[in-house]
Amino acid sequence: MTRILLAVVLVAGAVAVPMPARAAPPDGWREAELPFLWPRRTLEFVEAAGPGDVWVAGAQGKVAIPQPTGGYFWTLGNPVVRRLKDGRWHEYPLDGWPGFSVLTGLSQHGGDVFVTGAPDLPYVARFDGARFRPVSLPAGVRRVEVRTGPGGTWAVAGKWHDRALLRLVGESFQKVELPAGHLLHDVVAVGPSDVWAVGRRDKGDETVPAAVHWNGKTWTSVPVPELWLSDSLYQVTVTTSGELWATDAGRSLTDAVHNLLRWTGSTWTKVTPPNGGRGTLTSDGTGRLVIAGEAYSDPSGPGTAAVFRRTGSGWETIQFPSSPETRFWDVDGAPGTSALWTVAHRDLTPVVLTNTP
């Protein structure tokens with residue numbers, strides 16, 4: 001069998017080309033030192049339990065396997081879950097991790113931490129202080145996305161026809177009956193008897209965006225304004241101050257926030273989103289909504305990495321120089337402070353950035 005080796009050849013007499021200088025983060029921000037990770041690594045999720053207590057998750061050790069027909073098949077790599085606490089990184093076992101799988105989520109609230117993985121062979125594990133232990137799931141569910149919050153831990157499972165809503169009861173998840181005609185994409189528990197889920201619902205021959213509220217006994221459909229270029233809500237979150245927000249964007253870096261809604265206590269109302277906002281809705285510890293994305297100095301030119309923070313009726317933009325190119329994957333706020341933690345990729349290399357001292 002012929003093996004193809006890739007090598008870098010240093011040619012005698014070649015002129016060394018200096019690498020471009022790395023642009024410094026904005027004032028008040030710094031790059032946190034990463035734990036040791038194997039080559040071909042990614043960091044996609046961050047959860048801040050406190051200013052100096054932070055979880056990150058992703059993958060490492062991806063391998064390219066040449067294919068007989070040409071090209072390469074990239075393996076998924078090994079899961080990465082690390083915790084920065086007391087000034088150093090900690091690693092904990094993932095009990096029962098299925099072999100050929102990918103880490104798909106990280107959720108944390110009040111010290112309760114969950115990881116999810118393996119879309120078609122669902123894996124959900126809960127941190128017990130020393131390791132992650134699998135949590136029992138109902139038979140037949142797939143693609144589980146856990147959302148733990150101030151009112152408990154819920155999850156959405158499945159994709160389309162097999163979509164299910166789950167609630168953690170004791171040590172296992174149980175199915176919760178969905179409102180008829182609704183396809184729900186996200187859920188958040190504000191309190192034990194104050195749960196919101198969003199998605200879309202049937203309305204005659206069409207589908208329209210939907211929000212439903214659970215009072216501990218029954219679901220109630222709550223009207224949602226018509227959305228621009230969308231028939232569904234994909235994300236709902238509660239800030240640390242108790243404000244509810246929803247959007248038509250999923251939690252992926254590629255999902256642009258075109259529509260943003262705020263719950264006033266009686267109605268869902270439209271709020272103008274930041275231009276360039278993408279992916280996860282979160283908040284800092286003071287309760288202000290935070291969205292990562294890209295800022296555009298020139299509407300016709302490329303954007304640069306940015307964090308947008310809600311300030312009354314507008315948005316504060318924190319812009320990150322892109323030399324080399326930096327793109328955010330996730331952002332989260334530390335409870336009780338205005339501190340933020342982000343995971344990003346700088347020219348395919350993961351970085352962790354924060355405004356903590």
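All values reported here derive from a predicted model rather than from experimental measurement.
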The reported gap from CG in L227 to NE2 in H258 (rounded to nearest 0.5 angstrom) is 11.5 Å

Chi angles and distances behind the side-chain contact (heavy atoms from CB on, under 4.5 Å) call for T337, T286: CA-CA 6 Å; T337 74; T286 67; over 6 Å; no

Which heavy atom in V222 sits nearest to a heavy atom in W263, and how many Å separate them? CG1-CZ3, 3.7 Å

Side chain to side chain donor-acceptor pair (under 3.5 Å) pairs touching residues 235-245, sequence neighbours excluded, are T239-S241, E243-W245, E243-R262

Less than 4.5 Å apart, any side-chain heavy atom of N215 and any of D194? no

Just by modelled atom types, is the E177 backbone N or O under 3.5 Å from a matching donor or acceptor in the W219 side chain? yes

With hydrophobic residues grouped by side-chain heavy-atom distances under 4.5 Å, do L244 and L289 end up in a single group? no

Taking only residues two or more places apart in sequence or in another chain, which ones pass salt bridge (charged side-chain N to carboxylate O under 4.0 Å, His left out) with K85? D53

Any side-chain heavy-atom pair from R147 and V188 closer than 4.5 angstrom? no

Output the distance between atom OG1 (T280) and atom CZ (R278), rounded to the nearest 0.5 Å. 13.0 Å

Partners of D255 by salt bridge (charged side-chain N to carboxylate O under 4.0 Å, His left out), sequence neighbours excluded? none

For side-chain contact (heavy atoms from CB on, under 4.5 Å), just list the numbers for V156 and R143, CA-CA rounded to whole Å, side-chain angles, deciding distance to a tenth of an Å, and then say yes or no. CA-CA 8 Å; V156 288; R143 300 179 181 271; over 6 Å; no

Apply side-chain contact (heavy atoms from CB on, under 4.5 Å) to the pair W341 and D330, showing each step before the final yes or no. CA-CA 8 Å; W341 286 82; D330 199 9; over 6 Å; no

Quick one: are W97 and P79 in side-chain contact, heavy atoms under 4.5 Å? yes

Closest heavy-atom contact between L178 and A164? CD1-CA, 4.4 Å

Is there a donor-acceptor pair under 3.5 Å between the side chain of N259 and the backbone N or O of W228? yes

Under 3.5 Å, which donor-acceptor pairs link side chains of residues 58-71 to any protein atom two or more places apart or in another chain?
{"unit_1": "Q60", "atom_1": "OE1", "unit_2": "W38", "atom_2": "N", "d": "2.8"}
{"unit_1": "Q67", "atom_1": "NE2", "unit_2": "I65", "atom_2": "O", "d": "3.0"}

Closest heavy-atom pair, A24 versus P321, reported as atoms and distance to 0.1 Å, is O-CG, 3.4 Å

So the ring-ring contact (aromatic ring centres under 6.0 Å, His included) pairs with at least one residue in residues 290-317 (sequence neighbours excluded) are none

Any side-chain heavy-atom pair of R30 and L353 under 4.5 Å: no

Ignoring hydrogens and angles, state whether a donor on the side chain of H185 or R200 is under 3.5 Å from an acceptor on the partner side chain. no

Would you call the rings of W29 and F320 parallel, tilted or perpendicular if under 30° counts as parallel and over 60° as perpendicular? perpendicular

Going by chain and number, the hydrophobic cluster around V141 (ILVMFWY, side chain to side chain under 4.5 Å) further includes F114, V124, V135, L137, V144, V146, L166, L168, F173

Measuring from atom OG1 of T326 to atom CD of Q319, what distance do you get when rounded to the nearest 0.5 angstrom? 11.5 Å

Does R82 have any salt bridge (charged side-chain N to carboxylate O under 4.0 Å, His left out) partners at least two apart in sequence or in another chain, and if so, which? E91

Would you say that more than 12 heavy atoms from the other residues, nucleotides or ligands in this model lie under 6.0 Å from the NZ of K270, or not? yes

Going by side chain to side chain contact (heavy atoms under 4.5 Å, CB included), name the residues that satisfy it together with A211, two or more places apart in sequence or in a different chain. W196, V198, V224, W268

Regarding D202 and H182, is there a side-chain donor-to-acceptor distance under 3.5 Å anywhere? no

Would you say L260 and L281 make side-chain contact, with heavy atoms under 4.5 Å? yes

Quick one, H345 with W329, criterion ring-ring contact (aromatic ring centres under 6.0 Å, His included). Give me CA distance, side-chain angles, the key distance, then yes/no. CA-CA 7 Å; H345 281 194; W329 284 75; 4.9 Å; yes

Is the shortest side-chain heavy-atom distance between P138 and K175 below 4.5 Å? yes

Would you confirm whether S101, through its side chain, and G117, through its main-chain N or O, come within 3.5 Å as a donor-acceptor pair? no

Tell me, do V271 and R310 make a side-chain contact under 4.5 Å, heavy atoms counted? yes

Counterpart residues, salt bridge (charged side-chain N to carboxylate O under 4.0 Å, His left out), relative to R251 (two or more places apart): D186

Establish, from distance only, whether the side-chain atoms of D332 and T282 form a donor-acceptor pair under 3.5 Å. yes

Here the ring-ring contact (aromatic ring centres under 6.0 Å, His included) pairs for residues 46-65, sequence neighbours left out, are W55-Y92, W55-F127, W55-F132

Distance in Å, L106 CG paired with T148 OG1, rounded so as to fall on 0.5 Å steps: 11.0 Å

Measuring only between side-chain heavy atoms, which start at C-beta, is P223 closer than 4.5 Å to T267? no

Less than 4.0 Å between a side-chain N and a carboxylate O, is that true for E325 and R327? yes

Do T311 and E316 have side-chain atoms, one donor and one acceptor, less than 3.5 Å apart? no

Test side-chain contact (heavy atoms from CB on, under 4.5 Å) on D162 and R142; report intermediate values, then the result. CA-CA 8 Å; D162 60 346; R142 303 183 309 137; 3.3 Å; yes

Report the residues that fulfil side chain to side chain donor-acceptor pair (under 3.5 Å) with R41, sequence neighbours left out, ordered by chain and then residue number. none

Any chance you could measure S232, atom OG, to D248, atom CG, to the nearest 0.5 Å? 8.5 Å

Using a distance-only test with no angle check, is there a side-chain donor-acceptor pair under 3.5 angstrom linking T269 and T264? no

List for me each residue that meets side chain to side chain contact (heavy atoms under 4.5 Å, CB included) alongside E33, sequence neighbours excluded, and say none if there are none. none

Atom CG in N355, atom OG in S338: separation rounded to 0.5 Å? 6.0 Å

Less than 4.0 Å between a side-chain N and a carboxylate O, is that true for R201 and E206? no

